[in-house]
2 protein chains.
Amino acid sequence: MLRISKMTDYAVVLATHLAATKEPHAARDLALETQIPEPTTSKVLKQLSRAGVVASQRGAKGGYTLARPAHEIGIEEVIQAIEGPIAVTECSDESTDSLCEYEPNCGVRANWQRINHAVHQALSQITLADMAFPFVDTLITIARSGKEAERARLGESPQGDAH
Amino acid sequence: MLRISKMTDYAVVLATHLAATKEPHAARDLALETQIPEPTTSKVLKQLSRAGVVASQRGAKGGYTLARPAHEIGIEEVIQAIEGPIAVTECSDESTDSLCEYEPNCGVRANWQRINHAVHQALSQITLADMAFPFVDTLITIARSGKEAERARLGESPQGDAH
DNA sequence: TGAATACAGGACTGAACCAGTCCTATATGT
DNA sequence: ACATATAGGACTGGTTCAGTCCTGTATTCA
Ligand code: SF4
Ligand code: SF4
């Protein structure tokens, strides 16, 4: 399904919630506001804290705030904090040199890596500030380059010698 | 990690392999060419067949061919054949009215659905003919619309009353 | 100081999903 | 008939995920 995990979803919801104010929010309060169970909320926020997405303050009057302004935090960063690096395929993990056993003779590897990069870029550019308002549709569109003609030509004869 | 399953990866590799010729390929032959184990290859191809991505011919001299020309089959279709509808979040499944329990008071739902739609579009436009050659980078780019200024302004004051 | 608050870290569990194999049935060509 | 090759589905071990809970530490304030 190409889906982010539930925990990651919670993370985006919570982080977006934090974007609303600069006051520290206790995990318990955020749980009440979002309806997400408190232990789970706490777990997610701890992970976000370790990843540097949110800052934490212990003790009474403590809580969580965003580590930086909302418009400087891309949701890719939030996703990565919970799930690790974005990698659409096993071979497109840019952090580790993860080796797929089929890699030596795999013809689609290079293209998957480019697709992965595009997704990564798109999610990096959408910030928590964007998520707080319904304007994302004006920000993200997938555009084909002017090489459409070339592609169509190649597409007509995929078995041709196109080296 | 926002990853497609291994089976889906195999499906794209196999389908791209089929794009090279119009002759029927037996599952066994494809398995040898791609190094993917034969039972797994067979399973994946059967799923692709049921989804209408590939056509099958039983009996001696039989095998699999693409159901349509390679440049008419988007990889989104291949992914969907194995994993079901693309849905980045639970609420962004366009096929079913899947209801998330947090949906009523979730502020990021609309934006996730737009992101999901963009990803869906991008993967639909990349065809098997594209995957057979390293030209995808010329085809997919993420573009921001001209509303960047508006966004930046909003991003500066996410806590402001922007209703 | 001591109590209350709130985060940090990690262990733990049941459930769901995934990867891969195998068996039986059916269709096709020689 | 017989060999070939797909169709469908059952089945299993392993892994990952969602969620909870416990112990420890830092901070505030009376
Ligand atoms: S190398 Fe090929 S088979 Fe291996 S993960 Fe990448 S795309 Fe998939
Ligand atoms: S409604 Fe909100 S919480 Fe539910 S799946 Fe969609 S984004 Fe996630």
Side-chain angles (χ1 to χ4, degrees), chain A residues 1-14 18 23-32 34-67 79 81-84 87 89-90 100-102, chain B residues 1-11 13-14 18 23-32 34-67 79 81-84 87 89-90 98 100-102:
Chain A
M1 304 173 184
L2 201 65
R3 187 175 296 187
I4 63 174
S5 70
K6 277 198 176 186
M7 290 306 198
T8 304
D9 188 13
Y10 297 158
V12 175
V13 171
L14 291 167
L18 282 178
E23 298 300 310
H25 286 64
R28 176 162 169 65
D29 295 338
L30 280 171
L32 291 174
T34 58
Q35 305 282 8
I36 299 170
E38 202 253 317
T40 300
T41 301
S42 184
K43 179 177 187 174
V44 170
L45 286 168
K46 276 183 275 189
Q47 289 179 269
L48 290 178
S49 177
R50 216 176 318 178
V53 174
V54 304
S56 64
Q57 175 66 28
R58 292 196 193 186
K61 296 280 176 78
Y64 294 97
T65 55
L66 288 185
I79 294 173
I82 309 294
E83 313 204 329
T89 62
E90 187 174 340
C100 159
E101 57 179 316
Y102 310 108
Chain B
M1 304 177 181
L2 200 65
R3 187 174 296 187
I4 62 174
S5 70
K6 277 198 175 187
M7 290 305 197
T8 304
D9 189 12
Y10 298 158
V13 171
L14 292 168
L18 282 179
E23 297 300 308
H25 286 64
R28 177 161 168 66
D29 295 338
L30 281 170
L32 290 174
T34 59
Q35 304 282 10
I36 300 169
E38 202 253 316
T40 301
T41 301
S42 184
K43 179 177 186 173
V44 170
L45 286 169
K46 276 182 275 189
Q47 289 178 271
L48 290 179
S49 176
R50 215 177 319 179
V53 174
V54 303
S56 64
Q57 175 66 29
R58 291 197 193 183
K61 295 280 175 77
Y64 294 97
T65 54
L66 290 185
I79 295 172
I82 309 295
E83 313 205 327
T89 62
E90 188 174 340
S98 56
C100 160
E101 58 179 315
Y102 309 109

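Convention: sequence-line order gives letters A, B, ...; per-chain numbering from 1. Worth saying up front: this structure is predicted, and the values here are computed from it rather than measured. Side-chain atoms are counted along with the backbone in the values below, which use heavy atoms only and exclude waters and symmetry mates.
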From [X] atom [atom1] to [Y] atom [atom2], the distance as rounded to the nearest 0.5 Å:
X	Y	atom1	atom2	answer
B:T8	A:L2	OG1	CG	9.0 Å
B:E38	B:D29	CD	CG	9.5 Å
B:S42	B:Q47	OG	CD	10.5 Å
A:Q35	B:E101	CD	CD	9.0 Å

Give the nucleotide from the list C:dA19, C:dT21, D:dG19 with an atom nearest to the side chain of B:K6. C:dA19
Give the nucleotide from the list C:dC7, D:dA5, D:dA7 with an atom nearest to the side chain of B:Y64. D:dA7
Nearest-nucleotide wise, let me know which of A:I4 and B:A27 is further upstream toward the 5' end of DNA chain D. B:A27
I need the [atom1]-[atom2] distance between [X] and [N], as an integer number of Å.
X	N	atom1	atom2	result
A:L48	C:dG9	CG	C1'	15 Å
A:D9	D:dG19	CG	P	11 Å
A:Q47	C:dC7	CD	P	15 Å
B:L14	C:dA19	CG	P	14 Å
B:L45	C:dT21	CG	P	14 Å
B:E83	C:dA16	CD	P	20 Å
A:I82	D:dT16	CD1	P	17 Å
A:L2	C:dC18	CG	P	12 Å

Where do N or O atoms of nucleotides 27-30 of chain D meet protein N or O atoms at under 3.5 Å, pair by pair?
| from | atom 1 | to | atom 2 | distance (Å) |
| --- | --- | --- | --- | --- |
| D:dC29 | OP1 | A:K61 | NZ | 3.4 |

Assign [X] to base, sugar-phosphate, or nothing according to its heavy-atom contacts below 4.0 angstrom with the strands shown.
X	result
A:S49	sugar-phosphate
A:R50	sugar-phosphate
B:K46	base

Can you find a pair of side-chain heavy atoms, one from B:I4 and one from A:T89, that are under 4.5 Å apart? yes
Quick one: does any side-chain atom of B:T41 pair with a main-chain N or O of B:I36 as donor and acceptor, under 3.5 Å? yes
Does any N or O in the side chain of B:E83 come within less than 3.5 Å of the main-chain N or O of A:M1, such that one atom is a donor and the other an acceptor? yes
Check this one for me: any side-chain N or O of B:S56 less than 4.0 Å away from OP1 or OP2 of D:dA7? yes
According to a strict under-4.0 Å criterion, is B:S5 in side-chain N/O contact with OP1 or OP2 of C:dC17? no
Pairing residues for B:Y64 by the ring pair (Phe, Tyr, Trp, His ring centres under 6.0 Å) criterion, not counting sequence neighbours: none
Can you name the atoms? Protein N/O to nucleotides 10-15 of chain D N/O, anything below 3.5 Å, with the distance.
none

Run the numbers on B:I82 and B:L48 for side chain to side chain contact (heavy atoms under 4.5 Å, CB included), then give the verdict. CA-CA 7 Å; B:I82 309 295; B:L48 290 179; 4.2 Å; yes
Checking side chain to side chain contact (heavy atoms under 4.5 Å, CB included) for the pair B:Y102/A:V13: CA distance, chi angles, key distance, verdict? CA-CA 10 Å; B:Y102 309 109; A:V13 171; over 6 Å; no
Result for 5'-nearest mapping on DNA chain C, choosing between B:Y10 and A:D29, is A:D29
